[in-house]
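Keep in mind it's a predicted model, so treat the numbers as computed, not measured. For the numbers below, each heavy atom of this structure counts, side chains included, while hydrogens, waters and symmetry mates do not.
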Amino acid sequence: MPRIILTARVEDAQTWKVGFQTHGDLFRALGVTVTHYTVTDDNEIALYEEIDDLDRYFAMLQEAPTLEAMASDGVIPGSVKVFVLDTEWSA
């Protein structure tokens with residue numbers, strides 16, 4: 001199962017947090033099965049997600065419902081970065 005980390009800057013971290021928690025249907029449509037997240041006082045967010053289909057996830061990130069949700073939550077355009085975790089190491 002693909003795992004990703006998504007980071008972004010937001011206008012207000014607490015506003016983003018409230019809005020983010022209303023998008024369950026959207027995340028299910030993206031194929032997200034697990035999400036962990038954090039927000040900082042510097043208005044940065046980071047998500048760890050496990051997803052079903054990486055190609056579908058990237059395609060849906062560019063579709064109107066996802067873009068509208070991000071805009072509504074105050075995600076700053078151009079600040080989103082997605083990292084696909086493709087290496088595992090155990091100490």
Side-chain angles (χ1 to χ4, degrees):
M1 174 168 296
R3 296 179 228 173
I4 63 107
I5 293 176
L6 180 146
T7 64
R9 294 199 47 79
V10 295
E11 294 169 7
D12 179 79
Q14 293 308 312
T15 299
W16 173 87
K17 188 175 180 179
V18 170
F20 175 79
Q21 294 175 2
T22 67
H23 301 305
D25 290 340
L26 177 61
F27 283 97
R28 282 186 287 280
L30 284 166
V32 175
T33 58
V34 174
T35 299
H36 299 274
Y37 64 90
T38 191
V39 299
T40 72
D41 292 338
D42 293 328
N43 294 323
E44 296 174 304
I45 61 101
L47 307 173
Y48 164 84
E49 297 178 317
E50 294 178 7
I51 56 177
D52 291 333
D53 183 322
L54 196 56
D55 291 332
R56 182 174 74 181
Y57 182 86
F58 279 111
M60 290 185 75
L61 278 182
Q62 302 303 315
E63 292 179 359
T66 307
L67 296 172
E68 290 167 6
M70 288 192 295
S72 173
D73 295 347
V75 175
I76 296 172
S79 71
V80 175
K81 295 180 183 178
V82 179
F83 303 87
V84 178
L85 302 177
D86 61 359
T87 304
E88 186 172 323
W89 178 78
S90 298

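Met1 places none of its side-chain heavy atoms less than 4.5 Å from the side chain of Ile51.
Taking CZ of Phe27 as the reference point, atom CE of Met60 lies at 10.5 Å (rounded to 0.5 Å). Atom CG of Leu61 sits about 7.5 Å away from atom CD1 of Ile4, to the nearest 0.5 Å. To the nearest 0.5 angstrom, Asn43 atom CG is 9.0 Å from Glu11 atom CD. Taking OG1 of Thr22 as the reference point, atom NZ of Lys17 lies at 14.0 Å (rounded to 0.5 Å).
When every heavy atom of Pro65 is checked against every heavy atom of Leu26, the shortest pair comes out as O-CD2, 4.2 Å. Of all non-hydrogen atoms in Val39 and Gln14, the two that sit nearest each other are CG2-NE2, 3.9 Å.
Scored by the side-chain contact (heavy atoms from CB on, under 4.5 Å) test, Ala46 finds Thr7, Thr38 as partners (sequence neighbours excluded). Legend: residues meeting side-chain contact (heavy atoms from CB on, under 4.5 Å) with Arg28, ordered by chain and number and at least two apart, are Asp25. For the side-chain contact (heavy atoms from CB on, under 4.5 Å) test, residues two or more places apart in sequence or in another chain that qualify with Thr35 are Phe20, Val32, Tyr37, Leu47, Glu49. Every residue meeting the side-chain contact (heavy atoms from CB on, under 4.5 Å) condition with Glu68, not counting sequence neighbours, appears here in chain and number order: Ala64. Applying the side chain to side chain donor-acceptor pair (under 3.5 Å) test to Asp12 and every residue at least two apart in sequence or in another chain returns Thr15.
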Donor-acceptor pairs under 3.5 angstrom involving side-chain atoms of residues 73-81: please list them, not counting sequence neighbours.
from: Asp73; atom 1: OD1; to: His23; atom 2: NE2; distance (Å): 3.2
from: Asp73; atom 1: OD2; to: His23; atom 2: NE2; distance (Å): 2.8
from: Ser79; atom 1: OG; to: Arg9; atom 2: N; distance (Å): 3.0
from: Ser79; atom 1: OG; to: Arg9; atom 2: O; distance (Å): 3.2
from: Ser79; atom 1: OG; to: Ile76; atom 2: O; distance (Å): 2.6

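Follow the hydrophobic side-chain contacts under 4.5 Å out from Ile5 and you never reach Leu54; the two are in separate clusters.
Within the structure, the ring pair (Phe, Tyr, Trp, His ring centres under 6.0 Å) test picks out the following pairs touching residues 47-91 (sequence neighbours left out): His36-Tyr48.
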